[in-house]
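Reading through the structure tokens given below for one structure.
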Amino acid sequence: MYNHQEIEKKWQTHWKETSLYLTKEGKDRPKYYILDMFPYPSGAGLHVGHPKGYIATDILARMRNMQGYNVLHPMGFDAFGLPAENYAIKNKVNPKISVAESVAHFKSQLEILGFSYDWEREVNTTDPNYYKWTQWIFLKMWEKGLAFESSEPINWCPSCKTGLANEDLEDGKCERCGSEIEQKPMRQWVLKITDYADRLLNDLDKLIDWDDSIKEMQRNWIGRSEGTEAIFKIADTNEIVTVFTTRIDTIFGCTYLVVAPEHELVLNLKEKISNWAEAEKYIESLKNVPEMERTSASKEKTGVKLKGIKAINPFNNEEVEVFIADYVLNSYGTGAVMAVPAHDERDYEFAKKYGLRIKSVVSVDGKIPFEGKAAFTDDGTLFHSEDYDGLLSSDARKKMIDWLENNQLGTRKINYRLKDWVFSRQRYWGEPIPLVHCEHCGVVAIPETELPLKLPDVESYEPTGTGESPLAAISEWVNTKCPKCGGAAKRETNTMPQWAGSCWYYLRYIDPNNSKALVDTEKEKYWSPVDFYVGGAEHATRHLIYARFWHKFLFDIGVVSHDEPFTKLKNVGLIMGEDGRKMSKRWSNVVNPDDVVHKSGADAMRVYEMFMGPFEQACSWNTNGVIGARKFLEKILLFAEVNNYQANKKSISLLNKTIKKVTEDIEAFRLNTAVSAMMILANDISEYKIKESALPISKTDFLKFIQILAPFAPHLAEEIWEQSGNKESIFLSSWPEYDKALIKDDTINLIVQINGKLRATLEVAADISAEEAFALATQQENVKKWLENKEIVKRIFVPGKLLNIVIN
RNA sequence: GCCGCGAUGGCGGAACUGGUAGACGCGCUGGACUUAAAAUCCAGUUGUAGCGAUACAGUGCGAGUUCGAUUCUCGCUCGCGGCACCA
């Protein structure tokens, strides 16, 4: 009988004792770096969805190993950040302790699933020896001017009591706790990711082995927009205002200007604005409106005319009115737009509401679509545009930009939706930012030799909510000496966000104990880049953008040898609850892998999770499905007890086809069809076994089957391998090759169609000719019947496949 | 609104570069074994008609291309995901 508990325990112990999974670095083998997104250990532990990706990568890693690669397949823990810290606060334990417990729990859960990780390379982002280098990278960025202090208003979560980056929001709410986000001006550290926007976008084209969905999400997130900046003078002043537009061709239709209420121009013109009181009141009223609400497209636009202010259109010198309005954002483009109500929906809506002039300048076939009803926003032919009349929009744009540039009144401009990365958190549980503030020298870096700057122990690690991190309360830590002048200085008390540590962890696995450099150059050159990276889609616009950004920076300063970190990327689809909803305590539909492993075994769970459906697709858990996988394994174990072999050609052929298919499917991550192919083979063997009490393939061939099963069900395969007299682990054996001669069929089922409808199938020699096939087919009763009194118009013969007879 | 992805039995899903639709698994029905149940094994399982051979219909809907369409083209519907007053 299949005693999975005994078998799995036996082999897990054995593998550990023999250090089977230590990374090999033999010179004669090619390398393959296969990586999972490491988890942040929460107190709740794993549910069955988490290991899905790990199982798949484990299968690929095991096959690559058997194929003779040096495989790097590590695992670690991303333990800084809000999830760990909030859990610690809630349960009133020091995060240091709770994180250690969570890590141990996660590890034990992973261990019983039989993964082939090299645990000697384990990485933990909260280890000072690790975050030393996270801090080092930050200092390098600071040196290059990519990290800077800013006091712009940022997203503030009132519940987590910290500032957040744009990437940390979901529908305008805190991604961690769901609280409504406020805008709060505060001093913070920001990383200039926008400097890399164009490279982050353009290089996506190089990543041909990434899922398109992820690339698309990143493109949307970066949000490139090509347009023009044009300068409007403010009449009777020395002020100018620059607007950004993608439709410079419509500038003759500009009937007013809108600037964001926070725009500096507004304060500069304060004296000239005759209704300043009204404007000021409006600006004040917007301050209390959350960003989310203010930028909601469904909300009616509001605004106030700046009386006494006129802007001059650079093309026709026409004077137009200037508004402040909530629908223009100070943080995008120039914070000012030229309003063309005839050709922009937002401007149209605003103009209608406030009774402003609407002037059309683009037509199609001499007509203005939707005139008087809506804005016409497509390209067309220009009119009422002086020298540009009759030009197509696209041509007009080119000519107008040329004119602006020649007259120094504007320029071509690309804007990105991506914002700089707000990099500081007012929380305890993160990497300290290794800078000090000196009264004389300003901001000064801690010397490299003093890294890591360790996170001090603290009595109260709860967030203060004052805009200061809990670190600010430890005066003996805060008060220090300036490394430059030796005078009194204060340490930076903000910490890094949770995404910092995961930006470069894949490099640490390559060289996990290096204390002299981030990574050894030779080792980096050997293992980089990551060949295959697997994780959840929720990281598309967070971790995966940040890591690409840091990697490109490390490339620029010569630390790494490639400008992209991950060659191939696949998304793992979620496993939903049995009820079709997302697994959550709230719905009490969470399935614990420990229970499944205990009841049916790790191997059955591994096989089932791969079999459920396409890897990238979300899928509902089905308890009976695990039982199906288990039955398949039981069947195979029964084969191992048979000592009688009567090799037959059909089964040998099927075995070879299965080896081919499983190999190719693992490579392409079609793991569901790989399992199904093995089930088909097992069914074939089983049928024969029941009839003849023998296996239809030789013992050697049967063991080949066990070898291709091994990555999926490592414990059972290892057990059968040993029982068959092998002394060395199955994972030290070579991956079986299929025999090309044996997968060719002598006979085929020829499909006979009449007018494309199936009328007969004939078992014939695979190399049958068109003539022979036709002769044979027309002898069939069911074919004759259909051909009676009909004229044959055409015969279509696909060798080895089908014959289609076309009749009238 | 824009962009991307998807829709196949009772369910999860399979189908190579256009060539037998429904592999494999779950479930269900009937049978064997059993005092009985569970487990196991055998047979069946897209729908309609027929004892049957077989025929017709059938891959979200409507057209089209083709000897032949789940697959390609055009137009929709619905679902999922991303972005969104981004000028």
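Per chain, numbering begins at 1; letters A, B, ... match sequence-line order.
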Under-3.5 Å donor-acceptor pair between Asn804(A) side chain and rC67(B) base: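 Counting by modelled atom types and ignoring angles, a donor-acceptor contact under 3.5 Å is found here.
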
Donor-acceptor pair under 3.5 Å, Gln753(A) side chain vs rG19(B) base: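 Looking at the base of rG19(B), it does pair with a donor or acceptor on the side chain of Gln753(A) (distance under 3.5 Å).
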
Can you tell me, in whole Å, how much space there is between the [atom1] of [N] and that of [M]?
N       : M       : atom1 : result
rG64(B) : rC11(B) : P     : 30 Å
rC61(B) : rU77(B) : P     : 15 Å
rC16(B) : rA39(B) : C1'   : 40 Å
rG18(B) : rA69(B) : P     : 14 Å
rA7(B)  : rG58(B) : C1'   : 16 Å
rC80(B) : rC85(B) : C1'   : 25 Å
rU66(B) : rC56(B) : P     : 23 Å

Rounded distance [0.5 Å steps], CG in Leu802(A) versus CG in Leu762(A):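 It is 11.5 Å, given to the nearest 0.5 Å.
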
Approximate separation, where rounding is to 0.5 Å, of Gln218(A) CD and Leu544(A) CG: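 Between atom CD of Gln218(A) and atom CG of Leu544(A) there are 6.0 Å.
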
Residue pairs passing the ring pair (Phe, Tyr, Trp, His ring centres under 6.0 Å) test where at least one lies in residues 655-675 of chain A, sequence neighbours excluded: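 Every pair satisfying ring pair (Phe, Tyr, Trp, His ring centres under 6.0 Å) with a residue in residues 655-675 of chain A: Phe532(A)-Phe669(A), Phe615(A)-Phe669(A).
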
N/O (side chain, Trp621(A)) to phosphate O (OP1/OP2, rG12(B)) under 4.0 Å: no

Side-chain N,O (Lys757(A)) to OP1/OP2 (rA57(B)) below 4.0 Å: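 Lys757(A) to rA57(B) OP1/OP2: side-chain N or O found under 4.0 Å.
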
[N] [atom2] sits how many Å from [X] [atom1], rounded?
X         : N       : atom1 : atom2 : value
Leu544(A) : rG81(B) : CG    : P     : 19 Å
Phe350(A) : rA87(B) : CZ    : P     : 18 Å
Glu616(A) : rC80(B) : CD    : C1'   : 15 Å
Arg542(A) : rG82(B) : CZ    : P     : 9 Å
Arg759(A) : rC56(B) : CZ    : C1'   : 10 Å
Ile807(A) : rG68(B) : CD1   : P     : 13 Å
Asn571(A) : rC5(B)  : CG    : P     : 14 Å
Arg630(A) : rA39(B) : CZ    : P     : 14 Å

RNA chain B: 5'-proximal contact among Ala618(A) and Asn749(A) (nearest heavy atom): Ala618(A)

Residue mapping more 5' on RNA chain B - nearest nucleotide basis, Leu169(A) or Gly223(A):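 So the residue in question is Leu169(A).
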
Ring-ring centroid check Tyr608(A) Trp621(A), cutoff 6.0 Å: yes

Output field: ring centroids Tyr256(A)/Phe350(A) closer than 6.0 Å: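 Distance test on ring centres: under 6.0 Å, yes.
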
Considering every strand and a 4.0 Å limit on heavy-atom distances, what is the contact class for [X]: base, sugar-phosphate, or nothing?
X         : result
Val806(A) : sugar-phosphate
Asp347(A) : nothing
Gln617(A) : sugar-phosphate
Val328(A) : base

Stem segments of RNA chain B by first residue number [Watson-Crick or G-U, under 3.5 Å, at least 3]: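 B:1-7 with B:77-83, B:10-12 with B:24-26, B:27-32 with B:40-45, B:46-49 with B:54-57, B:60-64 with B:72-76 - these are the stems of 3 or more pairs that involve RNA chain B.
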
Are more than 12 heavy atoms from other residues, nucleotides or ligands located less than 6.0 Å from atom [atom1] of [X]?
X         : atom1 : value
Glu345(A) : CD    : no
Lys650(A) : NZ    : no
Lys582(A) : NZ    : no
Glu667(A) : CD    : yes

Min side-chain heavy-atom separation Glu578(A)-Trp587(A) under 4.5 Å: no

Validation row: Leu207(A), Leu569(A) side chains within 4.5 angstrom (heavy atoms):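 Side-chain contact under 4.5 Å: no.
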
Torsion-based syn/anti label for rG62(B), 90° from 0 as limit: anti

Of the listed nucleotides rU20(B), rC85(B), rU40(B), the one nearest the side chain of Asp326(A):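 Nearest nucleotide to the side chain: rC85(B).
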
Nearest to side-chain heavy atoms of Glu216(A), which nucleotide of rG19(B), rA87(B), rC3(B): rC3(B)

Residues from residues 671-681 of chain A lying under 4.0 Å of RNA chain B - heavy atoms: Asn672(A), Thr673(A), Ser676(A), Met679(A), Ile680(A)

